[in-house]
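Quick notes on the structure that follows.
Throughout, a chain's letter reflects where its sequence line sits, starting with A, and its residues are numbered from 1. Computation of the quantities below employed the complete heavy-atom set of this structure, encompassing side-chain atoms and omitting hydrogens, waters and symmetry-equivalent molecules.
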Number of protein chains: 2
Amino acid sequence: MSTSESTSDRLIESTRELLWERGYVGTSPKAILERSGAGQGSMYHHFKGKPDLALAAIRRTAEELRATAEGVLGGPGTPYERIEAYLLRDRDVLRGCPVGRLTMDPDVIASDKLRAPVDDTLDAIRELIAGIVEEGKEQGQFAPSLDGEEIAATVLATVQGGYVLARASGSPAAFDAGVRGLLSLLAPR
Amino acid sequence: MSTSESTSDRLIESTRELLWERGYVGTSPKAILERSGAGQGSMYHHFKGKPDLALAAIRRTAEELRATAEGVLGGPGTPYERIEAYLLRDRDVLRGCPVGRLTMDPDVIASDKLRAPVDDTLDAIRELIAGIVEEGKEQGQFAPSLDGEEIAATVLATVQGGYVLARASGSPAAFDAGVRGLLSLLAPR
DNA sequence: GTCTATACACTGATAGAC
DNA sequence: GTCTATCAGTGTATAGAC
């Protein structure tokens with residue numbers, strides 16, 4: 001395993017952090033250079049500009065999030081238990097979702113290229129959950145009246161919205177409450 | 001009824017639009033002046049600066065949202081029907097929530113003053129829904145095992161997260177799916 | 001690949017005339 | 001109350017030397 005320390009890598013990592021903290025609009029090339037320790041010239045040598053560097057950063061963050069979700073959802077347990085594990089997994093709630101927060105960035109939404117990794121990732125997780133719900137219906141753990149795609153959207157939305165409520169109140173409590181509420185609705189009797 | 005056309009009012013209205021479209025970080029005084037037709041001097045005469053004007057705009061938007069929610073949730077019908085009405089009410093889904101989106105703004109979250117109206121509004125709506133859920137439990141419409149506060153957080157989170165999913169995909173479909181999924185879980189048998 | 005120099009519009013605000 | 005002038009700093013990039 002190569003612990004690559006390339007300048008290009010440090011630029012991407014610094015950009016990932018700043019995008020998470022301040023979003024695309026709130027992240028300037030100058031801030032990226034300061035955090036990464038790279039110089040002006042380096043950045044424009046490795047990337048065409050801010051959108052190009054941001055795209056590399058967003059892609060890496062999106063892939064990482066997808067891998068994490070796949071790991072939890074593909075773990076052991078019944079369908080309910082796997083969804084529970086996804087909802088209860090450790091999260092830095094007050095920092096928000098590094099992928100979901102980008103949807104509130106006007107410049108990201110205005111660019112199909114920047115939006116694509118965000119859309120693809122959330123969509124992939126949604127499909128995974130939908131499949132698990134369908135599995136649970138076959139096993140009689142979930143009511144046959146439930147729709148896999150709909151419940152998957154509800155699960156993902158509860159997580160994404162939980163971040164909003166938590167950040168509004170300055171406390172993770174509302175996130176946890178929303179998750180517990182959803183689990184109580186999903187619980188097999 | 002006074003259709004006030006004051007410069008101060010036009011500044012606030014333009015700021016509200018821009019905050020909704022581009023967030024706090026993405027909104028510049030210059031853009032506000034252009035949209036409102038006011039001059040530099042006017043803005044700094046009526047407001048101390050960008051944070052002060054933004055606070056006035058956020059307060060007005062928050063109050064408006066709260067009034068809308070109270071209107072729908074306080075309408076006629078059973079507890080389930082009132083929550084259903086709230087979830088299904090007409091929304092400009094792709095524009096996102098004008099209040100919730102502010103939680104992704106680093107400068108808003110960093111300021112207790114700017115965050116307060118956001119927190120207060122979401123909290124008030126949450127309490128309203130929690131009361132309705134408790135009412136539904138008393139009437140036997142909801143299972144006694146449900147917790148009013150938790151379900152209220154789930155309902156609000158599903159809405160806020162629905163905006164995220166919709167904006168990611170560029171279509172309101174995911175919002176609608178999440179809402180339908182939640183309603184199917186809440187439905188009295 | 002990295003550095004420094006340069007550029008020009010924009011940000012957020014103050015000053016003072018009218 | 002509104003207008004214009006001015007300002008130091010930032011945002012995003014290009015040019016060219018090393």
What are the atom names and distances for every N/O pair under 3.5 Å that joins the protein to nucleotides 4-10 of chain D?
residue: D:dT10; atom: OP2; partner: A:K30; partner atom: NZ; Å: 3.3

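- The CE-P distance, from A:M43 to C:dT4, rounds to 16 Å in whole Å.
- Nucleotides of DNA chain D nearest to A:G26 and B:A38 differ in position, and the one nearer the 5' end is that of B:A38.
- Under the side-chain hydrogen bond (donor to acceptor under 3.5 Å, both in side chains) criterion, B:E21 pairs with B:R35, sequence neighbours left out.
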Hey, mind stepping through B:T78 and B:Q139 against side-chain hydrogen bond (donor to acceptor under 3.5 Å, both in side chains) and telling me if it holds?
-> CA-CA 9 Å; B:T78 66; B:Q139 299 177 12; over 6 Å; no
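- Side-chain atoms of B:R115 come within 3.5 Å of backbone atoms of A:A168 as a donor-acceptor pair (strictly under, hydrogens ignored).
- Applying the ring pair (Phe, Tyr, Trp, His ring centres under 6.0 Å) test to residues at least two apart or on different chains, none of the pairs has a partner in residues 45-67 of chain A.
- One can place CD1 of B:I32 at 16 Å from P of C:dC10, the figure rounded to the nearest angstrom.
- Spacing between atom CG of A:L33 and atom P of D:dA13 amounts to 11 Å, rounded to whole angstrom units.
- Taking side-chain N and O atoms only, B:T7 has no distance below 4.0 Å to OP1 or OP2 of D:dG1.
- Taking atom CG on B:D107 and atom P on C:dT11, their separation rounds to 14 Å, with Å as the unit.
- Of all the residues in residues 44-62 of chain B, B:H45, B:H46 reach under 4.0 Å from DNA chain D with at least one non-hydrogen atom.
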Side-chain atoms of residues 87-99 of chain B: list all donor-acceptor pairs with protein atoms under 3.5 Å, sequence neighbours left out, distances to 0.1 Å.
residue: B:R91; atom: NH1; partner: B:Y163; partner atom: OH; Å: 3.1
residue: B:R91; atom: NH2; partner: B:Y86; partner atom: O; Å: 2.8

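- For A:K50, there are no side-chain hydrogen bond (donor to acceptor under 3.5 Å, both in side chains) partners, not counting sequence neighbours.
- Nucleic acid contact for A:T27: sugar-phosphate only, since backbone atoms but no base atoms lie under 4.0 Å from a heavy atom of the residue.
- No side-chain heavy atom of B:S169 sits less than 4.5 Å from a side-chain heavy atom of A:D123.
- Atom pair B:E5:CD and D:dG1:P shows a separation of 16 Å (rounding to whole Å applied).
- A salt bridge is absent between A:E13 and A:R10: the closest approach of a Lys/Arg side-chain nitrogen to an acidic carboxylate oxygen does not fall below 4.0 angstrom.
- B:R60 has no carboxylate O lying under 4.0 Å from a charged side-chain N of B:E63, or vice versa, which leaves the two without a salt bridge.
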